[in-house]
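Contents: one structure, followed by commentary.
Naming convention: chains lettered A, B, ... in sequence-line order (proteins, then strands); numbering from 1 in each chain.
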Amino acid sequence: MADYLPHTEEDVAAMLAFLGLADLDELFAAVPQALRLAGGLELAPGEPEPDVLDHMGALARANRAGDLVCFAGAGAYDHEIPPVVRALAGRSEFVTAYTPYQPEVAQGVLQAVFEYQTMVARLAGLPVANASLYDGASALVEAVNLGTAASGRQAVWVSAGVHPHWRRCLRTFARGSGHEIVEIPLADGVTAWPGDADSAAGDGPGAIVVAYPNYLGCLEDLAAVRRMADARAATMVVAADPVAAGILQSAGSVGADVVVGEGQPFGTALSFGGPYLGLFCCTMAQVRRLPGRLVGETVDVEGRRAYVTTLRAREQDIRREKATSNVCTNQTLMAVTAAVQLGWLGTRGLEEVALRCARGTRYLRDAALGIDGISPVTGNTPVVRELALRTAVPARTVVDRMTSEGFLAGVALSDLVGGDGDRSVDADAAEHGLLVAVTERRTLAEMNGYLVALDKAVRP
Amino acid sequence: MADYLPHTEEDVAAMLAFLGLADLDELFAAVPQALRLAGGLELAPGEPEPDVLDHMGALARANRAGDLVCFAGAGAYDHEIPPVVRALAGRSEFVTAYTPYQPEVAQGVLQAVFEYQTMVARLAGLPVANASLYDGASALVEAVNLGTAASGRQAVWVSAGVHPHWRRCLRTFARGSGHEIVEIPLADGVTAWPGDADSAAGDGPGAIVVAYPNYLGCLEDLAAVRRMADARAATMVVAADPVAAGILQSAGSVGADVVVGEGQPFGTALSFGGPYLGLFCCTMAQVRRLPGRLVGETVDVEGRRAYVTTLRAREQDIRREKATSNVCTNQTLMAVTAAVQLGWLGTRGLEEVALRCARGTRYLRDAALGIDGISPVTGNTPVVRELALRTAVPARTVVDRMTSEGFLAGVALSDLVGGDGDRSVDADAAEHGLLVAVTERRTLAEMNGYLVALDKAVRP
Amino acid sequence: MSTSPAGAEASGQAATHAPGGRALSAPLLGRHEEPTIFELSEPGRSSWQLRTTGVPEWRVDELVPEGHRRPEPVPLAEVSERDLVAHFTRLSHRQFSVDLGAYPLGSCTMKYNPKICDTVAALPGLAGVHPAAPAEMCQGWLALLVELEEALCAVTGMAAVTFQPAAGAAGELTGLLLMRAYHDTRDEQRRRVVIPDSAHGTNPASVSLGGYEVTTVPSDSRGCVDMDALRSVLDHDVAGIMLTNPNTLGLFEEDIEEIAEAVHDVGGLLYYDGANLNAILGVVRPGDMGFDIVHLNLHKTFATPHGGGGPGAGPVAVSRRLADFLPGPRPVRLVNGAQGAAAANGSGGGARYGWATPAHSIGRVHSWHGNALVLARALTYIRVHGGDGLRRVAERAVLNANWLRVRLAATYDVPFDRTCMHEVVLAASTLKRRHGVRALDVAKRLLEEGFHAPTVYFPLVVDEALMVEPTETESLQTLEALAEAFERIAAEAATDGGADSAHAAPRTTPVGRLDEARAARVLVPTFDARPVETGHDATGA
Amino acid sequence: MSTSPAGAEASGQAATHAPGGRALSAPLLGRHEEPTIFELSEPGRSSWQLRTTGVPEWRVDELVPEGHRRPEPVPLAEVSERDLVAHFTRLSHRQFSVDLGAYPLGSCTMKYNPKICDTVAALPGLAGVHPAAPAEMCQGWLALLVELEEALCAVTGMAAVTFQPAAGAAGELTGLLLMRAYHDTRDEQRRRVVIPDSAHGTNPASVSLGGYEVTTVPSDSRGCVDMDALRSVLDHDVAGIMLTNPNTLGLFEEDIEEIAEAVHDVGGLLYYDGANLNAILGVVRPGDMGFDIVHLNLHKTFATPHGGGGPGAGPVAVSRRLADFLPGPRPVRLVNGAQGAAAANGSGGGARYGWATPAHSIGRVHSWHGNALVLARALTYIRVHGGDGLRRVAERAVLNANWLRVRLAATYDVPFDRTCMHEVVLAASTLKRRHGVRALDVAKRLLEEGFHAPTVYFPLVVDEALMVEPTETESLQTLEALAEAFERIAAEAATDGGADSAHAAPRTTPVGRLDEARAARVLVPTFDARPVETGHDATGA
Ligand SMILES: Cc1ncc(COP(=O)(O)O)c(C=O)c1O
Ligand SMILES: Cc1ncc(COP(=O)(O)O)c(C=O)c1O
């Protein structure tokens, strides 16, 4: 009988007596007899912790992906996470606290989030960052909600260069919000925006969404998007990669109204996709439409600097159906983790990571394109962060073959865009496209081993 | 250039200027030129943490022992260490603190050690326990120092049932202390103490040392030892196994003056032999001879209960050459760990662990003795905790063979007592004796697998 | 010594050169401010260390085209690893948590978070897996999710589960989109969703995002849904109703069968907000009550830690007829029979688990598969407890709440004083009327008494609400101490100077009450922000 | 609110039923006592969970013979896992540590302990290895130890190392036994060992345990060994001399060459107490100074954490002529060439490393091989720094100490005011004479200023000593803040009421100054102890 309950037999008896009840069942008198669960839950009986650890350990060992050298990215990256970051972010005070409803005893989390907001805002080149959203996709959905609310128009132009899963989420939630999602195709890896002529037709977009770099690693022309947005009084939303931002111009500096991103690269493990971290930044003009929590600085009764969640009137618990968003629990621990990781990296470290990723990508690209059976998906468009290769055999086959060589070769585009194709790549690339990511952790030796295996894997 | 130094170039320059020095070398002007190290240390240049982790990880993987199912004991046991104990004992406040010289900011460690002392004293059945010593062997050495000092006589009778390594340490340190160590042989696994006649000859022992159970798992007659000690006004020292103590009478209850032991089984991993935990308990009469630190309860200026290291006048920093011991740094973190582990086990848990170890040992013994090529080393003497089997082929061969079956079969007596034999076992057993330990972690399935492998391994 | 900023300034450090080794912000030593990491920063200092790779060291201008390059590196803090550690360790000492003491925060189920779950979540075989790895390479994860789905179905009495929603609110919106998809396929345009006035704020917010209008039904004198009021708003324009049972007053909706019947009669669906499931584990199942859609808060009922505000996990379980609409792809067992554990023996043989997308899936609601590591923690918790243990959890949670209710009924208002479930809603209305001590004051005084405060001013239907959820992992001794603290506070309020004392609380914490109005009026959302006048006070309640 | 015991009693809990969930002992919330785990205990409560084994459940009387059985289980605490966690987490908040702030404790080298070392020490492949496993099964460990031995030889200039000594004092005694073995084999009966009056207490204590008599030599006006005094005590009865260089005054013994020559001339050996090695890493090596035996405190110089008082590691390095006496067995490379890393690729081929016992070994000094996991941490630290990094460590450590010396010379007495090494010994003699503020008071006031206190009243040769060792991991900003704190304390002492204020310190800590006399007079070594009169006050200095 393994559990964490402190009640002794005597405790239970004494408490029931105090309540004047005969047994525990009487506590549930309000539950209609007919509904009560007879015979208990259909679940195995409890097991002691060591048995459970054995089981979970066996499941973990069954994930052979964990042993592969990772060249997969597509929004989830294998970056260095040093012991010091794990140790600090793992402190139980951060892990087992609730949302800071009593700021006097929550300055630890509040200040860490305030520092996180500052770092993320600097990264995006915007003045405001919130305390986190669920992940990149949910941050984008919220950005579109904000953007359309700000412009008052429901149509949304979304570059097909935005991560396919994020676009899928936009379509899902549009069924509730009523947004009209218009996907703009790519040509050679960059968005082919409609000329003024085309778009004059019909209601202009309330928001325009572009990714920087986009999910194929290509660098879009943000200034052009800004001009388009100005011309149409639309909100400019940029989904920016936060690591590449270490060497790329900030979207804010080019005039983005909202910048969102996936914060996983900042200290969070691959984790089979979650929990991750939704980054969200906006201009001061939009702060009252900000989704989620915001930590602000203030003072206490003695004038000491202190932190508190602020502009609460936007939130669901106060504004209810009029709230800017329904988000309550967010990803605070990942935000704290990001603050620690960015504190560890610092000004030079982040730049160095971004640079090393770009160098690795460059090295692998040059060498891979030398292999016959390999060609680029995005022509000669400059890429950072990701690399889309066209492989002679279906990309999925390449991935499968390379697992036996000890490599997670990348992500087959077919797994991202689905069989029915997508506006980001042509039908052939949708089947033969392999998306590869190289982080600062990949060594030259690993890449050379990868190239040998790739050479074999692409043979018919 | 990887390190943990905060000094920027500017800091160094400013500090040198403040000191009126031209360069860092001037700081070492007092070091005779002739002695200065030219060309720096003959060490590889520093490596970044990830490289070092790769290297240490490779070394760890090269220890195949870690993958074997452990049936080895001999004073180091594979007990359950739950995540909760690792988490609490691993808190950085406990890990990175120094000896509690400023009690006002060290109540955490001090109270934890006070609780540890209480638990260990209860276990031993004595009123005083110190704050830890290095390991079982050093605790025994200190016990003999105390015992001879108390009786004023240098001769020490040591049962050959005491762990061979501990006896070896006694002999090593006797060269400094001048103690005359007399080892008393075993017969059928228990000490064959000299009759009054023999011992009348010569100066009687100042201390008598016995193990309970002894290193072969056999239960000695403690009452008889007490009588001997009384007859000779000698100090009775018992080296007791702290886990077996969960079901065995306490040595204190039988009149031991000093009880020592190895505390590793209380939450400390096998750790290739260290850091471990020296347990040390004694009577109130001997408290002024206690080696090492002692935490006591007191009050602060406001009358609040608080803890502090006490009876400091015994210690080396005050008493110097007259100190009861030279120990300064001890094994506090392991003592704190033991307090957490014993807190987790509690009254019932410790008894249950002791009981399960005894059951496993019983099961394995009955089954193993059924295999031909296997006989007992200690006759029919009842055993707990350890089991000494005589194997048809040399025990070392059995151990080697069984590693390929995935088992650490035990410890060959030849590895403990050395080639030149020992007074604890006969010459044959010294070569064919296999010491086996079964903890509460060993399952029936593992034991049955072990028995099959053993059956094969003992064939000529 | 002074704990005022003067005291802090007394350190004589220029704002941008705070000493990383000074520990005055650690409550162990003082009550000073902790410098921000930016104030601890010193140009040229660093902590980062990256692997030696041997990759050619191209310059940035050889890699990034003109016009895309960042002129200057992103200005972050530059600190030594030692100062990084000291800073965040001190911050952690300025933070209350379950691991420090009782956290009776109503509606949050702040139970003890078993450490074994941290160990599981850190297993490289779980934490190191890329979400896009081929199914054959992550059989363990798929087996884990399928096992968890089966367990959650057993607990809720539903047919299938999606794990994508990252928290309760995300589960709600997902559930509402499922509701919409269901009605759409039946060509029914329904515009309204009914929720009780006691509902949690996320419910109405989610309804709006789901494209529905909120219709609120009042609670009756018993604190439950007013049946007549409900019937009066039910028609074929109602897509469904969102309920949590027990409701946010901690009361079991006794008329649940009638409610279900009434809603189903008009073709509506019942949505179960699972935030309060802890009270009924193994006692009664949402599915048996007639609910069609259920979201669970694994970070409440199943003890996954809250992380200071998140992450959570809000899986949604549905009845058979809604299964085809679930988000995809979903983990599925390919050949039956093989249990997770079996599959875990792994490698040998082809894959036993894979992915599948339901026929009429509403699509993705998460970048990947949901908060996977949180799900692994929940399964661990469920396995340790088993069916029997989960029932004990509910019994003890309800027992604890009722003990507090009866004990405190003499001192505090208990708006609905009958057997409650896992939490009890007290009120400070009398204290406020008689002595001017409000719920907020009671909350702040409780901090001085060594306990986290309960949830205050929620549910909105109760004046001066103090919503207390002790959870099952607190002992009778802790409940007694908590009750005595509540009683001391009430007694003190009646003494003269008592109210002032309550208003002055908390006085033992690193900071006292904050100027929340100023935080909203002069918004400082980052260390770089210059004071910005945002006009009116927007702190809300 | 009251923080007196009355306040604690106010919780109204019987001593044996303290509430585990009440957090008033966490400095974040209050200043109350933390109940002992025994007071949190409740019969029938438990935390333990053990593996399901399927082993037959024999009763204890079927396993343990009559007369050996324990009548009652050992009475330990019975607490829930939740209360266990709360108890020890709160205790951790009542503890200062390097991770919270600067710890300038002289002679202790409290530098930052890199977290990477915790990760290494937790590797199952290191932590899970049984010490008696066959050498073939622990090649990684053997390779690690051989690599560390080579590194320590490079750092000390010695020929061989034993890892068995668990701490510095154990290393000292081991070294003295080596000294004795050396003289014995040369049939020389020498009875005395010389140590300076500034030596650490473990030195004389070890000398006695080594069977030698202590001969103390005074320090001269420069704070170094008085050469004339030394020469006057040197004769063929002297087995050797124990020195630490830099000495405990933080000064480098400039006459070290003459000292070595003089001692060697009479056939004595030189023992180097390595506690202060941090100052000279990569600058000068004990071997080159003429030392024959060296112990290292890895828990100082090589950053392994102190664990609240231990564990440490005190390996002993010796010159060629003493290598044959080292304790055994020792890890050795069997076939040369193969480096640790290579061997680590492991399995393939026969063992590259094994054990060997020196010809004239003095025998074991540890149950097994020494504090292995501490050794693994030290190697990790050495590898990250490399030869260049270790030299930087010494430079920065000495730079920091001298900066403080010069800065504080104006405010405090500096008995030996010349370039010091890694630490500086200040004195409060003037403060005491003028204002009645003693070194102890300064120490307690520093706690209120956010810093751990320096070592006080050591070395004994300095009146009112304040021994400050900042270490190299503290920044200039931290040194400035520390210096200002020292200065504030001195300035305050001069004001009226200043002395009283100093005597009242610390006032911001969970407890104030303790009644240490009472602790010794009425000895309470365990929770069960009834007050025991031990007669006179025995707290010592
Ligand atoms: C009753 C109720 N419903 C829904 C929610 C929302 O859940 P989450 O915070 O996980 O989004 C909560 C959380 O506080 C709640 O208490
Ligand atoms: C100078 C000196 N020598 C020896 C020692 C003893 O080392 P340990 O505490 O590791 O036994 C110390 C430790 O404080 C010391 O400072």
- prompt: Which atoms form the tightest heavy-atom contact between A:Glu115 and C:Phe38, and what is the distance?
  reply: O-CZ, 3.7 Å
message: Looking at C:Phe458, I'd like to know if the NZ or CZ of A:Arg320 sits under 6.0 Å from its six-membered ring centre while staying within 45 degrees of the ring's axis.
response: no
- prompt: At their closest point, which heavy atom of C:His306 faces which heavy atom of A:Tyr98, and how far apart are they?
  reply: CD2-CE1, 2.7 Å
- request: Side-chain contact test, heavy atoms from C-beta onward, threshold under 4.5 Å: evaluate it for C:Pro311 versus A:Met334 and give yes or no.
  value: yes
query: In this structure, which one of A:Val109, A:Thr96, A:Val105 forms a side-chain contact (heavy atoms from CB on, under 4.5 Å) with C:Phe96?
result: A:Val105
- prompt: Are A:Arg304 and C:Glu33 close enough for a salt bridge, meaning some N to O gap below 4.0 Å?
  reply: no
field: CA sep, side-chain torsions, deciding dist, call: A:Asp3, C:Val393, side-chain contact (heavy atoms from CB on, under 4.5 Å)
entry: CA-CA 9 Å; A:Asp3 62 30; C:Val393 163; 5.9 Å; no
query: Among all residues two or more places apart in sequence or in another chain, which pass the salt bridge (charged side-chain N to carboxylate O under 4.0 Å, His left out) test with C:Arg364?
result: none
- prompt: Just by distance, with hydrogens left out, do A:Asp135 and C:His366 show a side-chain donor and acceptor under 3.5 Å apart?
  reply: yes
query: Aromatic rings A:Phe94 and C:Phe88: how do their planes relate, parallel, tilted or perpendicular, breaks at 30° and 60°?
result: perpendicular
statement: Turns out that what part of C:Ile37 lies under 4.5 Å from chain A's heavy atoms comes down to both
Ionic contact status for A:Glu104 with C:Lys444, cut-off 4.0 Å: yes
Spacing of CG belonging to C:Leu91 relative to CD belonging to A:Gln111, to within rounding of 0.5 Å: 4.5 Å
message: Within this structure, what is the CD-CH2 distance for the pair C:Gln49 and A:Trp344, rounded to the nearest 0.5 Å?
response: 7.5 Å
